[in-house]
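Okay, structure first, notes after.
Computed from heavy atoms alone, side chains included, the values below leave out hydrogens, waters and symmetry copies.
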2 protein chains.
Amino acid sequence: MKEIRIADVARLAGVSTATVSRVLSDPDKVRQKTHDLVMEAVRRSGYTPNSTAQKLRTRRTMNVLVVAPRLTNPVFAETLRGVDDELTQSGYGIIIGNLDNRREREARYVDLALSRQVDGVLLLTGYIPENGTRSMRESGLPIVAMCAAIDDDMIPNVVVQDREASRRAVEYLARLGHRKFGYISGTPGSIIESERFGGFLEGIAAAGLSQDEIVRWEGPFVFSTGVAAAESFLQMTERPTGIFAACDESAIGFIKRVRSERVRVPQDVSVIGFDGIELSDYTEPTLTTFRQPLHELGRAGADTLMKLIRKEMKPGDWNVRLPLELLERDTTGPVLHKDYKSLRRATI
Amino acid sequence: MKEIRIADVARLAGVSTATVSRVLSDPDKVRQKTHDLVMEAVRRSGYTPNSTAQKLRTRRTMNVLVVAPRLTNPVFAETLRGVDDELTQSGYGIIIGNLDNRREREARYVDLALSRQVDGVLLLTGYIPENGTRSMRESGLPIVAMCAAIDDDMIPNVVVQDREASRRAVEYLARLGHRKFGYISGTPGSIIESERFGGFLEGIAAAGLSQDEIVRWEGPFVFSTGVAAAESFLQMTERPTGIFAACDESAIGFIKRVRSERVRVPQDVSVIGFDGIELSDYTEPTLTTFRQPLHELGRAGADTLMKLIRKEMKPGDWNVRLPLELLERDTTGPVLHKDYKSLRRATI
DNA sequence: TTGAAAGCGCTAACAC
DNA sequence: GTGTTAGCGCTTTCAA
C-alpha cells in the first residue's frame with residue numbers, strides 16, 4: 001500500500017498542489033467547482049495530509065505538553081479535563097508528561113520541549129523541569145504554571161488561592177470560638193503543603209494566637225495520615241478543638257478514627273478539610289471544606305497558554321489567582337467547653 | 001531568542017551540516033577530533049535537533065499510539081507500564097489514546113494514525129477504532145491487539161487466555177465437588193466479559209452440567225456488582241456453592257456482603273475471582289483468583305509491535321496467548337453439604 | 001482564482 | 001572522513 005501524497009490528489013483532480021492545500025485549509029479561497037473537484041479526489045484516493053510535513057512547514061505542532069507529578073491523583077485528573085476542554089476547542093492536542101512522582105522522568109519532557117515537539121507547556125508541577133544539563137525554560141516556549149506560583153517573569157501563574165483559603169479556614173474556626181488548633185499536613189516538602197501551612201500560620205497570627213498553641217501532624221496527602229493524626233490526638237490530655245487538614249482524605253481519616261472512640265464531630269472537635277473531593281459530601285457527617293475550582297483552573301490555564309502562543313499577551317500580562325469556595329457543612333461548629341471536658345474524662 | 005539550526009552549529013564548528021548530523025546520530029563514523037569540535041559547538045550554541053524535521057526526513061516518528069478504553073482502570077494502567085518499559089528501551093515514545101469509555105473519542109486517534117503521527121498502534125480496546133468514515137486499519141500502520149483477539153490477518157494478537165482460565169476456574173471448583181454454580185458478570189457486551197462467560201460455559205459443559213444449573217448476575221466490573229449479586233444470593237433457597245466472579249472487585253464485594261449475613265467462605269460458599277489485583281491478597285480471607293500477567297502482556301505486545309515496525313516479522317507470524325496463574329488462596333474449598341443446609345435454616 | 005516555485009530543518013546517497 | 005546535494009510532503013508567497 002503506497003502512501004498518497006498531495007501531488008497524487010492534485011493530479012487526480014487536475015489542479016496544482018497549492019489548490020488542494022487551499023481547499024483543505026481555507027475552502028473560501030477557492031471556487032466552489034474546484035472545491036468539489038478536489039474533495040472528490042480526496043475521497044477517492046483516501047488522502048490524509050501528512051501531519052509531520054505540515055508541522056515542519058507551518059512551524060506549529062498544534063500540541064501542548066502538560067506535565068503532572070502523578071496522573072492517578074484525582075486533583076490532577078480533574079484539572080486535566082478542564083485543560084482538555086479548552087485545548088480541544090482550539091484544535092490543540094495534549095501530550096501528557098506523567099512524572100509518576102519520579103524526578104528523573106523530567107528529562108524526557110525537557111527534551112520534548114527543546115526539540116520543539118510542542119508549541120507550549122502547562123506545568124502542574126510547581127517547578128520548572130530540568131534534564132540535568134538544561135531547563136525547560138531554555139526552550140523559549142510559552143509556559144504557564146498551574147500549581148503554586150513560580151517566580152519567573154516569563155511564566156504566568158494561573159493558580160488557586162491555597163494560601164488565602166488556608167488562612168480563611170483558621171479565621172472561620174476562630175470565629176466559632178476555637179483557640180487551640182491542630183494541623184494535619186500534606187506531603188512534606190511539596191509546594192502545595194508549604195503554601196497551605198503558610199496560610200495556616202498566617203491565620204494563627206491574625207487570630208492573635210501563638211504558634212506554640214498549635215499541634216502539627218506530618219504525613220503525605222492520604223487517608224492514613226489523618227488516622228495517624230487521630231491516634232496522636234486521642235492520646236492528648238489537652239486536645240485541640242479546631243483541626244485543619246491539608247486535604248480531604250486525611251480529614252476523613254481523622255474523623256473516622258476519632259468517632260470510633262466516641263469523640264463527637266463537631267461537638268467535641270471541629271474539622272475542616274481542603275479540596276472538596278466528591279467523597280467529602282458523602283461522609284457522615286458531611287465534611288466542611290474548601291472546594292477547589294479545578295475545572296475552571298484547567299480552562300483558565302489552557303486559555304492563558306493559548307493567548308501566549310497566539311501572542312495575544314505577554315507573560316507578565318496577568319497572573320490569575322482563583323478563589324476557593326468554603327463549603328460550610330457539618331464537621332465544624334462552635335466550641336462547647338463543658339461537653340468537651342466531660343468527654344475527656346470519659347474516654348481517656 | 002532565535003532558533004538554532006544545524007547549519008549554525010556547522011558554521012560554529014567549521015564543518016558541514018552532514019558532519020554535525022553524523023556526530024549526533026552515529027559518532028563512530030567521525031574522527032575523534034571532529035567529534036569533539038562539533039560537540040563543543042553544540043554545547044556552546046545550546047542546539048537541539050528539530051524533531052519534526054528529523055521525522056519528515058527519516059519517515060519515522062519514533063512514537064507509538066496506545067488506545068485504551070479508560071486509563072483509571074488499574075488493569076490498563078499496569079499493562080501500560082509493561083508497554084512503557086519495552087518501548088522506552090527501544091527509544092520509542094508513547095502517545096496515550098484514552099477513550100474514557102466514549103466511542104466518539106476514537107475519531108481523534110484514527111486521524112492521528114491516518115496522518116502518520118505514529119509508527120504503530122497498540123490496541124487495548126478489543127476492536128479497531130473508526131472515525132465515522134474510515135477505520136484505523138486503513139492507515140496501513142502496524143497494529144497489535146492486546147485485549148481479546150481481533151480476527152484480522154494483518155493484526156497479531158497478544159492476549160491473555162481469559163477463556164481458558166475461566167474454564168479452568170469451573171474445573172477447579174468442580175474438582176472440589178461443586179455442582180451448582182453462580183456467575184458474577186462484568187460489563188455486559190464488553191469483549192472481556194463475553195470471553196470470560198464463554199469460558200465459564202465451556203467449563204460447565206466439560207463438567208457434564210447443564211446450563212440450567214447456573215445462576216448469572218449481571219453488572220459492570222465493579223465492587224457493587226458483587227454486592228448486588230450477594231443480595232440476590234442471600235434470597236435464594238437453593239444457593240449455588242461455587243461462585244465465579246469475572247473480576248476480583250465483584251468477588252470481594254460478594255464475599256463482604258454474604259459474610260455480614262454469617263455465610264461462611266469457603267465453608268458455605270466458595271468464591272473465585274479474576275485478575276489478581278493487589279487487594280485480593282489483603283482481604284480476609286485472601287481471595288482465590290487468577291493472576292493476569294499484565295506486565296508481561298504489556299512487554300510482549302510492545303515487543304511484537306517493535307518487530308512489526310522493524311519488519312522483522314509479518315503480522316500473521318505469531319499470536320501470543322499468555323497463560324494466567326491460578327492463585328489458590330482461602331476463599332475456595334470442598335463442598336460441605338451438612339453445614340450448608342444447617343446454615344440455610346439459620347439465616348433464612 | 002489558480003499555478004510555479006521556494007523552502008521549513010534535517011538525513012543519507014554519493015562523490016571526493 | 002567529510003562535503004555536496006537532493007529531497008521528505010507540505011504551505012505560502014509571488015506572479016499571472
Side-chain angles (χ1 to χ4, degrees), chain A residues 2-39 41-42 45-63 91 111-112 114-119 139-140, chain B residues 1-39 41-42 45-63 91 111 114-119 139-140:
Chain A
K2 210 178 113 282
E3 275 330 304
I4 294 126
R5 292 166 0 273
I6 197 171
D8 301 322
V9 180
R11 200 175 323 108
L12 217 67
V15 297
S16 74
T17 61
T19 299
V20 176
S21 175
R22 282 187 199 106
V23 168
L24 261 24
S25 63
D26 194 354
D28 297 341
K29 278 206 149 79
V30 123
R31 214 170 8 149
Q32 182 64 43
K33 185 108 185 271
T34 323
H35 172 270
D36 296 345
L37 214 61
V38 169
M39 284 315 286
V42 167
S45 59
Y47 169 70
T48 307
N50 178 316
S51 126
T52 303
Q54 289 181 315
K55 286 175 179 156
L56 180 60
R57 174 64 229 223
T58 61
R59 305 155 129 281
R60 277 175 304 139
T61 67
M62 296 306 279
N63 274 136
D111 293 345
L112 215 76
L114 253 18
S115 61
R116 314 216 86 72
Q117 302 192 50
V118 292
D119 298 338
S139 68
Chain B
M1 192 198 284
K2 212 178 112 281
E3 275 329 305
I4 294 124
R5 293 166 358 275
I6 197 170
D8 301 323
V9 180
R11 198 171 330 107
L12 216 67
V15 298
S16 74
T17 61
T19 299
V20 176
S21 176
R22 281 188 200 105
V23 169
L24 261 24
S25 65
D26 194 353
D28 298 339
K29 279 206 149 82
V30 122
R31 207 164 18 140
Q32 182 63 42
K33 185 104 184 276
T34 322
H35 173 268
D36 296 345
L37 215 59
V38 168
M39 285 313 287
V42 167
S45 59
Y47 170 70
T48 308
N50 179 317
S51 128
T52 303
Q54 289 180 314
K55 285 173 180 159
L56 179 60
R57 174 65 232 225
T58 60
R59 304 153 132 284
R60 278 174 305 137
T61 67
M62 297 306 278
N63 274 136
D111 294 345
L114 252 19
S115 61
R116 315 215 85 71
Q117 303 192 49
V118 292
D119 299 337
S139 70

Problem - Distance, rounded to the nearest Å, where D26(B) contributes CG and dA13(C) contributes P - result: 12 Å
Handout entry: Distance in angstrom units between L37(A) CG and dT1(C) C1', rounded
Key = 14 Å
Problem - Q32(A) CD - dT1(C) C1' separation (whole Å) - result: 14 Å
Fill in the blank from the handout: note: K55(B), atom NZ; dC8(C), atom C1'; distance rounded to Å ~ 15 Å
Practice task
With sequence neighbours left out, write down each residue that passes side chain to side chain donor-acceptor pair (under 3.5 Å) with D119(A), or none if nothing qualifies.
Solution key: T61(A)
Handout entry: Smallest separation among heavy atoms of I4(B) and Y47(B), with atom names
Key = O-CD1, 3.5 Å
Scan the side chains in residues 7-22 of chain A for donor-acceptor partners under 3.5 Å anywhere in the protein, sequence neighbours excluded, and list what turns up.
{"from": "D8(A)", "atom 1": "OD1", "to": "R11(A)", "atom 2": "NH2", "distance (Å)": "3.3"}
{"from": "D8(A)", "atom 1": "OD2", "to": "R5(A)", "atom 2": "N", "distance (Å)": "2.7"}
{"from": "S16(A)", "atom 1": "OG", "to": "A18(A)", "atom 2": "N", "distance (Å)": "3.3"}
{"from": "S16(A)", "atom 1": "OG", "to": "T19(A)", "atom 2": "N", "distance (Å)": "3.3"}
{"from": "S16(A)", "atom 1": "OG", "to": "T19(A)", "atom 2": "OG1", "distance (Å)": "3.4"}

Practice task
Take the protein atom NZ of K29(B) and the nucleotide atom P of dG3(D), then report the distance between them rounded to whole Å.
Solution key: 16 Å
Exercise for the section: Answer yes when R59(A) and E3(B) have at least one side-chain N-carboxylate O distance shorter than 4.0 Å, and no when they do not. Expected result: no
Handout entry: Gap between atom CE of M62(A) and atom CD of Q54(A) - 0.5 Å precision
Key = 10.0 Å
Fill in the blank from the handout: Counting primed atoms, P, OP1 and OP2 as sugar-phosphate and everything else as base, the B/S/- map of nucleotides 4-13 of chain D against protein heavy atoms under 4.0 Å is B-BBBBBBBB
Handout entry: For L24(A), the option from T48(A), V30(A), V42(A) that meets side chain to side chain contact (heavy atoms under 4.5 Å, CB included)
Key = V42(A)
